[in-house]
Each structure stands twice: as C-alpha cells, then as structure tokens.
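Reminder, nothing fancy here: chain letters follow the sequence lines and each chain counts from 1. Quick caveat: nothing in here was measured; it's all calculated off a predicted structure.
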2 protein chains.
Amino acid sequence: MTEDRLDATFASLADPTRRAILARLAQGEATVNELAEPFEMSLPAISRHLKVLERAGLISRGREAQWRPCRLEAGPLKDIANWVEHYRRFWDASFDRMADYLKELQTVKTKGDRDDRKN
Amino acid sequence: MTEDRLDATFASLADPTRRAILARLAQGEATVNELAEPFEMSLPAISRHLKVLERAGLISRGREAQWRPCRLEAGPLKDIANWVEHYRRFWDASFDRMADYLKELQTVKTKGDRDDRKN
DNA sequence: CTGTTAATTAACATACTTGTTAACTACAGC
DNA sequence: GCTGTAGTTAACAAGTATGTTAATTAACAG
C-alpha cells in the first residue's frame, strides 16, 4: 500500500456524496442512474464522483448493454482500517490511563529538552 | 458524529504531510519547529497544516512560553474506525463467500429490474 | 530597550475540486 | 436509418487547497 493510494482513498472519502454512493453499493451493484437517483445533483456530477471512486480503486465498473454497473471494491478500505488501527490505543478506554501516563512522561521529557536548548 | 466532521477528518488525512505529523505526535507532544524539522517545507506551510488538523479536532495546542506544544486528539480517528468497520465484511476473508453469494443474488435481482423497465 | 527564537498572519500564485449546461458516444428496438 | 435511454466528455465558473516570501506578534534573555 503506497502513501499515494492512502492519499487518494482518504480524499475520495472526504465527500459525503461519495460516501453515500459507497453505502448504496454495499447493498449490491447499481447502475449510474440508480446511484444518482437519491441526489439533487446532475448526472454528470455523479459520473465524475464515480470516476474519483474508480481512480481510488474503491469501485469497479462492468459493461452490460448500455449500463455500466458499479460495484464496491473494499481493498482501499482495508488499508484505511489498517492505518487507523495504529491509533487505536489513543481512544480505546482501557488504554486511557496508559496514554495519560505516556503523555506525562513525554511532557517532562520535552520540557527538559526545551530547557536544554533555551537561549 | 456529524457528516461534516467525517468530511473534515477524511480531508485532513488525505495529505501525507499531515499523516506524518500525526504519526510523530503518536510518540508524544511536539512543538511546531520539531514537527516541521523532517520536512523540506517552509514553517508557515507546516503552521497551516497544523491549523487544518486542529480544525478537524485531530490535534490540540497548549501554550508554554513561546512554544505551542501540539498533541494528538484521537476522537475523530475513532469516528473513522467506526465508519470503516461497516465495510469490514467486504474484505474480511471469512465473509468472502457470503459476499459473493449476496453479490450473485443482487446481480440477478438488478438484471430483473432492468429487464422490467427495458424500452 | 534590544536582540533572538517561536510561531502566525498577510499577500500572492498556482493548481485542484466540484458543480453547471450542452454536446457527444453507445446501445436497443422498431 | 431514426428515436429514446444510459452514460461520458467538453467547456466553463466558483470555491478551496497548498505552497511561497515578507511582515508581524509574542515571549524570553541580556
């Protein structure tokens, strides 16, 4: 998983329309018009959102006559989950006390460092 | 957790510099200059990245003489983790067969729907 | 008060995002 | 071929992001 891919994935997920599209695709495949239906937005706008999702690898598209059925591709979501897991200890209740303790240690250390290079 | 907050969090995380800053803060508090040191970028650029992280609630800042120590705030990361968890079944190996099955069901259904409204 | 360090704000350039409408491609059915 | 539906691409406007350098604020040290 490259950093670039994380960039593209996070950027794609930063838009509520695109997250809604993914939520819809979690129910199963859908065509562009079906995906567009719940939104006020024009069809070209949806088409571009889909292109963003596709470039991020979050969806793939088939061909079936004049329809382009979209389906969810969860690979990049797994990358996100892995990335965020590294921070779990910072919010997990059972680790709060340890986090506070480490933070305290760090504060003392940092303060010391700072005193060392004070002008 | 509002949709807007998810927007801001995902957008903040879409930048590799900002993710690197969070990774550094996972080690403990740091000043702006300490955070800027690893990057080629100018200090004002880092300052603006920190402002983005702060507005997203991903960091908070104290005051200690002329330093502004930054520390990680993991609340929004927990939101991300919760959000992405909803998609776990799409990548989790033990669910692959079920996903395929659901997908198959959906394909048949969608095809039927389409046939219904075919011109 | 003066000089130095830490950090932010201002002003600006450039590029990307996201929406619009209008024009276009592709396929289906007669 | 003609017509209607599905979807994309083009051209454009408006807003947002991200970097730069220069100027500014704030606090310490003498």
Side-chain angles (χ1 to χ4, degrees), chain A residues 3-4 7-21 24-25 29-56 58-71 110-111 113-119, chain B residues 3-4 7-21 24-25 29-56 58-71 110-111 113-119:
Chain A
E3 280 290 300
D4 275 3
D7 286 8
T9 306
F10 277 124
S12 296
L13 297 176
D15 185 288
T17 302
R18 289 194 290 263
R19 288 198 305 277
I21 288 172
R24 166 64 187 79
L25 290 176
E29 285 192 5
T31 67
V32 177
N33 270 289
E34 285 165 354
L35 291 171
E37 204 266 318
F39 303 101
E40 303 266 305
M41 214 170 293
S42 68
L43 207 53
I46 298 293
S47 191
R48 295 186 68 171
H49 279 303
L50 292 174
K51 187 171 270 181
V52 171
L53 290 169
E54 191 175 28
R55 294 205 63 194
L58 282 159
I59 66 170
S60 63
R61 292 198 260 191
R63 299 198 88 128
E64 191 186 327
Q66 66 266 60
W67 293 278
R68 315 300 294 281
C70 300
R71 68 159 182 261
T110 306
K111 196 161 165 10
D113 290 343
R114 247 174 252 150
D115 291 336
D116 291 338
R117 52 178 171 3
K118 228 165 217 166
N119 8 313
Chain B
E3 280 290 300
D4 276 3
D7 285 8
T9 306
F10 276 125
S12 297
L13 297 176
D15 185 287
T17 302
R18 289 194 289 262
R19 289 198 305 278
I21 287 172
R24 166 65 186 80
L25 290 176
E29 285 192 5
T31 66
V32 177
N33 271 289
E34 284 165 354
L35 291 171
E37 204 264 319
F39 303 102
E40 304 265 304
M41 214 169 291
S42 68
L43 207 55
I46 298 295
S47 191
R48 294 187 66 168
H49 279 302
L50 292 174
K51 187 171 271 180
V52 172
L53 290 169
E54 191 175 26
R55 293 207 63 193
L58 282 159
I59 67 170
S60 63
R61 293 197 260 191
R63 299 197 87 129
E64 192 186 327
Q66 67 265 61
W67 293 276
R68 308 285 159 77
C70 301
R71 66 162 182 259
T110 307
K111 196 161 165 10
D113 290 346
R114 247 174 253 148
D115 292 335
D116 290 342
R117 50 175 173 2
K118 226 166 220 165
N119 7 312

I'd like to know if the side chain of A:Arg18 reaches the main chain of A:Ser12, judged simply by a donor and an acceptor atom lying under 3.5 Å from each other, with no hydrogens or angles considered.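 Flag set: sc A:Arg18 to bb A:Ser12 pair under 3.5 Å.
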Are the side chain of B:Ser47 and the backbone of B:Leu43 linked by a donor-acceptor contact shorter than 3.5 Å?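 A pair under 3.5 Å: no.
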Whole-Å distance separating the [atom1] atom of [X] from the [atom2] atom of [N]:
X: A:Leu43; N: C:dC24; atom1: CG; atom2: C1'; result: 14 Å
X: A:Glu37; N: D:dA6; atom1: CD; atom2: C1'; result: 15 Å
X: B:Phe10; N: C:dT17; atom1: CZ; atom2: C1'; result: 18 Å
X: B:Asp15; N: C:dT17; atom1: CG; atom2: P; result: 12 Å
X: B:Glu40; N: D:dT20; atom1: CD; atom2: C1'; result: 14 Å
X: B:Glu64; N: D:dA26; atom1: CD; atom2: C1'; result: 15 Å

Whichever of B:Ile46 and A:Arg63 has its nearest DNA chain C nucleotide further upstream toward 5':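 Counting from the 5' end, the first nearest nucleotide belongs to B:Ile46.
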Does a side-chain N or O from [X] land closer than 4.0 Å to OP1 or OP2 of [N], or not?
X: A:Ser47; N: D:dG7; answer: no
X: B:His49; N: D:dA17; answer: no
X: A:Arg61; N: D:dT8; answer: yes
X: A:Arg18; N: C:dT18; answer: yes
X: A:Lys51; N: D:dT9; answer: yes
X: A:Ser42; N: C:dG19; answer: no

Report the nucleotide, chosen from [options], that has the shortest atom-to-atom distance to any side-chain atom of [X].
X: B:Ala65; options: C:dA6, D:dA27, D:dG7; result: D:dA27
X: B:Met41; options: D:dG19, C:dT8, D:dA6; result: D:dG19
X: B:Arg48; options: D:dT8, C:dG19, C:dC12; result: C:dC12
X: A:Asn33; options: D:dG7, C:dT8, D:dT5; result: D:dG7
X: A:Arg68; options: C:dA6, C:dT18, D:dT8; result: D:dT8
X: A:Gln66; options: C:dT18, C:dA28, D:dT18; result: C:dA28
X: B:Pro44; options: D:dG7, D:dC28, C:dT9; result: C:dT9
X: A:Ala45; options: C:dG19, D:dC28, D:dT8; result: C:dG19

B:Asp4 vs B:Asp7 side-chain heavy atoms within contact, under 4.5 Å: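 Sidechains of B:Asp7 and B:Asp4: in contact.
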Let me confirm one number: the CD-CZ distance from A:Glu29 to A:Arg24, rounded to the nearest 0.5 Å.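 So the gap between those two atoms works out to 10.0 Å.
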Closest contact, heavy atoms only, B:Ala14 versus B:Arg19: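 The answer is C-NH1, 3.7 Å.
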Taking all atoms of both residues into account, what is the closest heavy-atom pair of A:Leu25 and A:Cys70, and its distance?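 Smallest interatomic distance, heavy atoms only, reads CD2-O, 3.4 Å.
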